[in-house]
Asks: 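One structure is given below, represented as structure tokens, and several questions about it will come after.
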Amino acid sequence: MLDLKEWRDSLQGRLRPGDRPSLTVGMSTCGQAAGGARVMAALEEEAGRLGLQVDINQTSCIGMCYAEPVVEVALPGKPRVFYGHVTPERVPVLIEKHVVQGEPVREWALVQVEDGTVPYDGIPVMGTSPYYGCQVRVVTSRLGLTDPESLDAYVATGGYEALEKVLRRMTPEEVIEEIKASGLRGRGGAGFPTGLKWSFTRQAPGDKKYVVCNADEGDPGAFMDRSVLEGDPFTVIEGMTIAAYAVGADEGYIYCRAEYPLAIKRLKTAIAAAEEKGLLGRDILGTGFNFELHIKAGAGAFVCGEETALLASIEGRRGMPRVRPPFPAQQGLWGKPTNINNVETYANVPFIIKNGGRWFAAMGTEKSKGTKVFCLTGKIKNTGLIEVPMGITLREIIFDIAGGIQDDKQFKAVQIGGPSGGCLPEDKLDLPVDYDSLTAAGAIMGSGGMVVMDENTCMVDVARFFLNFTQAESCGKCTPCREGTKRMLEILTRICEGEGRMEDLDTLEALARVVKNTALCGLGQTCPNPVLSTLHYFRHEYEAHIKDKRCPAHVCQALLVYTIDAEKCTGCGACARACPSGAISGEKKQPHRIDPALCIKCGSCMEKCKFGAISRL
Amino acid sequence: MADVTLTIDGKQITVPAGTTVLQAARDNGIFIPTLCHDEKLSPWGGCRLCVVEIEGMRGLPASCVTAVGEGMVVRTASPAVIEARKMMLELLLANHPRDCLTCSKSGACSLQDYAYYYGVRGDRFQGEKHDYPLEEDNPFIVRDMNKCILCGKCIRVCAEVQVNNVIDFAHRGFNTRVTPAMDLTLRESEECVFCGNCVQVCPVGALAEKASLWQGREWELDKVRTTCTFCGVGCNLEVSVKDDRVVRVRGYDNPLVNGGWLCVKGRFGADFADSPDRITRPLIRAGERGEGRFREATWDEALEFTARRLQEIKEQYGSRAVAALSSARCTNEENYLMQKFMRAVIGTNNVDHCART
């Protein structure tokens, strides 16, 4: 029988030999998109050319997506140093200086992880760096630091301790009590208490039960689940196995969107590795407990993130939500009691079991415990993946961790919770990030997408963008979502095109109210939120579009007017040459002018003018 | 099952647990409009016209899929409910052809009725409308998807009653539509048996019987209840007649027989009634066998002739010289009588039936 402790002990030292340098490349989707594979090839080539005895490995995303490709260089007995924006051209310098000469290239280094070694001077230490200082990494603790496809690496870093504890020393009821004590709430968005949900499935009568993992992450700007699945698939699998034991299930599904091929590949690798070692499948760890896990790739419908639609999709039917009750805990997959949680929720489970519910409950706020993973995107300096304790303020996230707004422009709004969420303005930045505060402010926690907008963002356009998304993704089952979003989108489009009327705002509000109140599923009930929150906090922008025929952020093309200041214009003709529609005319060395009837408002002239003579109103 | 007492519009109502709010209201004479609901099909909850206000519940739940609860307080006509219903009708009408003048469904259209009831003109939203081509490539059913309100009844009747699963929702958002797989027509799908039960449940004019078009307005039709003559099942029919001509056949909802559902023959095979080839009186052969000459006779003469010949044959050749072949188009009772007659009167077991093999 597999002795986990013996295995774990035997791995110490083997994973990181310690007697030779290691070079590790971030090879998650973000790293690969930024050119990680080319960097890895360059590392191999350069190390081979110099005949160096080094280990070259892959890891997942450490969270600093803005700095990909990220490469970690570690010398025996020295801290691990992470470099950002590594290119194949920089590789020879990096290897020469750091590996051969033993001196890190400080100007390229992002952070170092000291691991009990003496830190280098002049490189921020991870725990106190601006990006990681406020973070508490639980679910993401292995991300960027271990090989996600290696079960050895997972076990060596404490993996499967929790499952062993559960199977050997805890009853299913005790497991559920521990999760309840932790205060963990569902990380998919609605925040339902996880322990309670498990107890419903546990108590539901039936011999056959299922556990399902919702990995159909589809919010614009959200990549938490992808990062966790790519970075630590075993944690999710272990969490699901524990949940299966707790609720009495022997079969499970991970519903992962097909747009995440790397996540699916790593999950498959991880499932196969766990099965081979008897950590998944029949008679797990010799305890007689069986758990079979399947992957179901989604077919690209956003609405399949809604749990009843997701279950329909697994069953091979069209992904359309149905009315609850009955909840999946009573009648889920193929009518059997089913526990369904999202990726991050399951990923928290092994940590809670290992460290105890009280440890988890000590983090966060009164009603929102633990940490939350967020994706920072939009007009901020540092985009990436972060994990913070609940209760941290939006301001800390945006200005401390994310480094503030790009080009030091003015912050305008932060969109939280995807198409179901809302846009919060500057004066809500000191809100603590927890389920209840965000809901009260008109946004929602959602799954963790956070899109930051600056002064150059038009809030009407943002509302239009999200309505366009929800309209296209509505399953079409219920009238308000299918038809209501269409008319809301048409009105918003009209306003953006300068054709809006003041009574449109009342119609928008009435539509939003009815859709919210009458739609069948969560997608429909929440899709008016971007409209309602922008109407609430940024009504003046709507009015400017309608009354003044002006887009304050200069985004809505139909409302832009380009003019040339005759005083500043030198008549160089650069603008006229750049204009694709022949709208600019004028004699050489004489002030030029723009014909508004021909102007297509592309802005090329403004970019080309060296004298600042062209203005956009 | 235990009873539950709740209040709907101030009225105390006691119904069995598990009843829907919609059913409880309707059983007690309280009006709630529905488009996608059908007692004989699985619950759907899509049209959202049946929304009500229930104290303590978020938003406006759909009464057709909400079970009653003890002490529940329901309001079916509060301002929020009326606003929502009107909005729903406005939204449906915004994407619906305004051709009630010539629509075959006019007068029996749920959308038209509710729009009238709530005073909704359908002019609040002016935006994109669908412009699908009319599907009329089969002899029985005309599908006008521009009129479809996506209630999904046709899909459910096809899956749950006919168990044929020919159609389903396809595409998403505003472009959602009901279609056979791969956007084929019913005919191209080669799956449809043209039972036409989808036409019968359609609440609007999206599905219509081809032969009935332009044959009479709803209010001009006399509805006659009768029994289908095509087979021994004896499906109950509601035949619509105008000027002594059969204009349309629908199932009559007799739960003991066909529950209102029909097959392609019963629904679309009524043209025999007016056929010049139809034999309406008994015929007795007038010429040589095989010559094909017959003369009309009275029933008395025909029966007397048959009885006499049967008797003569039996006396001359014995009982076993006579055999009877009965028809699946006869009723169970008629077929029973036929075999009884052969065994007890003629004295033979030579009885067969066209549907035996």
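Note that this is a predicted model, so its numbers are computed, not measured. Letters A, B, ... mirror the listed sequences (proteins, then strands); counts begin at 1.
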Asks: Is B:E90 close to chain A through its backbone or its side chain, or both, or neither, when contacts mean heavy atoms under 4.5 Å?
Replies: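 No part of B:E90 comes within 4.5 Å of chain A.
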
Asks: Can you find a pair of side-chain heavy atoms, one from B:E83 and one from A:R513, that are under 4.5 Å apart?
Replies: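 Sidechains of A:R513 and B:E83: in contact.
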
Asks: Hey, what do you get for CG (B:D168) to CE (A:M320), rounding to the nearest 0.5 Å?
Replies: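 CE of A:M320 is found 7.5 Å from CG of B:D168.
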
Asks: State, yes or no, whether a side-chain contact exists between A:L511 and B:L91 at a heavy-atom distance under 4.5 Å.
Replies: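 Result yes, sub-4.5 Å side-chain heavy-atom pair found.
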
Asks: Using heavy-atom distances under 4.5 Å, tell me whether B:V51 contacts chain A through its side chain, its backbone, both, or neither.
Replies: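 Side chain only.
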
Asks: With a 4.5 Å heavy-atom cut-off, do A:R487 and B:N95 have their side chains touching?
Replies: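 Result yes, sub-4.5 Å side-chain heavy-atom pair found.
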
Asks: Does CZ in A:R539 sit with more than 12 non-hydrogen atoms of other residues, nucleotides or ligands closer than 6.0 Å?
Replies: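 Counting other residues, nucleotides and ligands, CZ of A:R539 exceeds 12 neighbours.
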
Asks: Could you look at B:I149 and say if it's the side chain, the backbone, both or neither that has a heavy atom under 4.5 Å from chain A?
Replies: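 Contact with chain A involves the backbone of B:I149 alone.
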
Asks: Rounded at 0.5 Å granularity, tell me how far CZ in B:F174 sits from CG in A:L489.
Replies: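 Here the interatomic distance stands at 10.5 Å.
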
Asks: Using non-hydrogen atoms and a 4.5 Å limit, figure out which bit of A:T470 sits close to chain B: side chain, backbone, both or neither.
Replies: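 Neither the backbone nor the side chain of A:T470 comes within 4.5 Å of chain B.
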
Asks: Just so I know, are the side chains of A:K477 and B:W44 near enough to count as touching, which here means a heavy-atom distance under 4.5 Å?
Replies: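 The answer is yes, as the side chains (C-beta and beyond) meet within the 4.5 Å cut-off.
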
Asks: If we only count heavy atoms from C-beta on, is the A:C475 to B:R172 side-chain gap below 4.5 Å?
Replies: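 The answer is no, as the side chains (C-beta and beyond) never meet within the 4.5 Å cut-off.
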
Asks: Tell me if the CD atom of A:E503 is crowded by more than 12 foreign heavy atoms within 6.0 Å.
Replies: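 Correct, the count exceeds 12.
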
Asks: Take a 6.0 Å sphere around NZ of B:K40 and say whether it holds more than 12 heavy atoms from other residues, nucleotides or ligands.
Replies: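 It does: B:K40 NZ has more than 12 such atoms within range.
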
Asks: Working to the nearest 0.5 Å, report the span between CG of B:L150 and OG1 of A:T479.
Replies: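 It comes to 8.0 Å.
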
Asks: Short question: side chain of A:T518, backbone of B:R48 - any donor-acceptor pair under 3.5 Å?
Replies: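 Side chain of A:T518 to backbone of B:R48: no pair is present.
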
Asks: Counting only non-hydrogen atoms closer than 4.5 Å, does B:A62 touch chain A with its backbone (N, CA, C, O), its side chain (CB onward), both, or neither?
Replies: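 No part of B:A62 comes within 4.5 Å of chain A.
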
Asks: Measure the spacing between CZ of B:F169 and CZ of A:R317 and express it to the nearest 0.5 Å.
Replies: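 B:F169 CZ to A:R317 CZ: 13.0 Å, rounded to 0.5 Å.
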
Asks: Side chain, backbone, both or neither: which part of B:M87 has a heavy atom under 4.5 Å from chain A?
Replies: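 Answer is side chain: those atoms of B:M87 sit under 4.5 Å from chain A.
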
Asks: Roughly how far apart are B:H96 NE2 and A:E483 CD, rounded to 0.5 Å?
Replies: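 Separation between the atoms: 11.5 Å.
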
Asks: State whether the number of non-hydrogen atoms from other residues, nucleotides or ligands found under 6.0 Å of B:R26 atom CZ is greater than 12.
Replies: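 Atom CZ in B:R26 is packed in, count exceeds 12.
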
Asks: Between A:R482 and B:L92, is any pair of side-chain heavy atoms under 4.5 Å apart?
Replies: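 SC-SC contact between A:R482 and B:L92 confirmed.
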
Asks: Can you tell which part of B:R124 gets under 4.5 Å to a heavy atom of chain A, answering side chain, backbone, both or neither?
Replies: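 B:R124 touches chain A through side-chain heavy atoms alone.
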
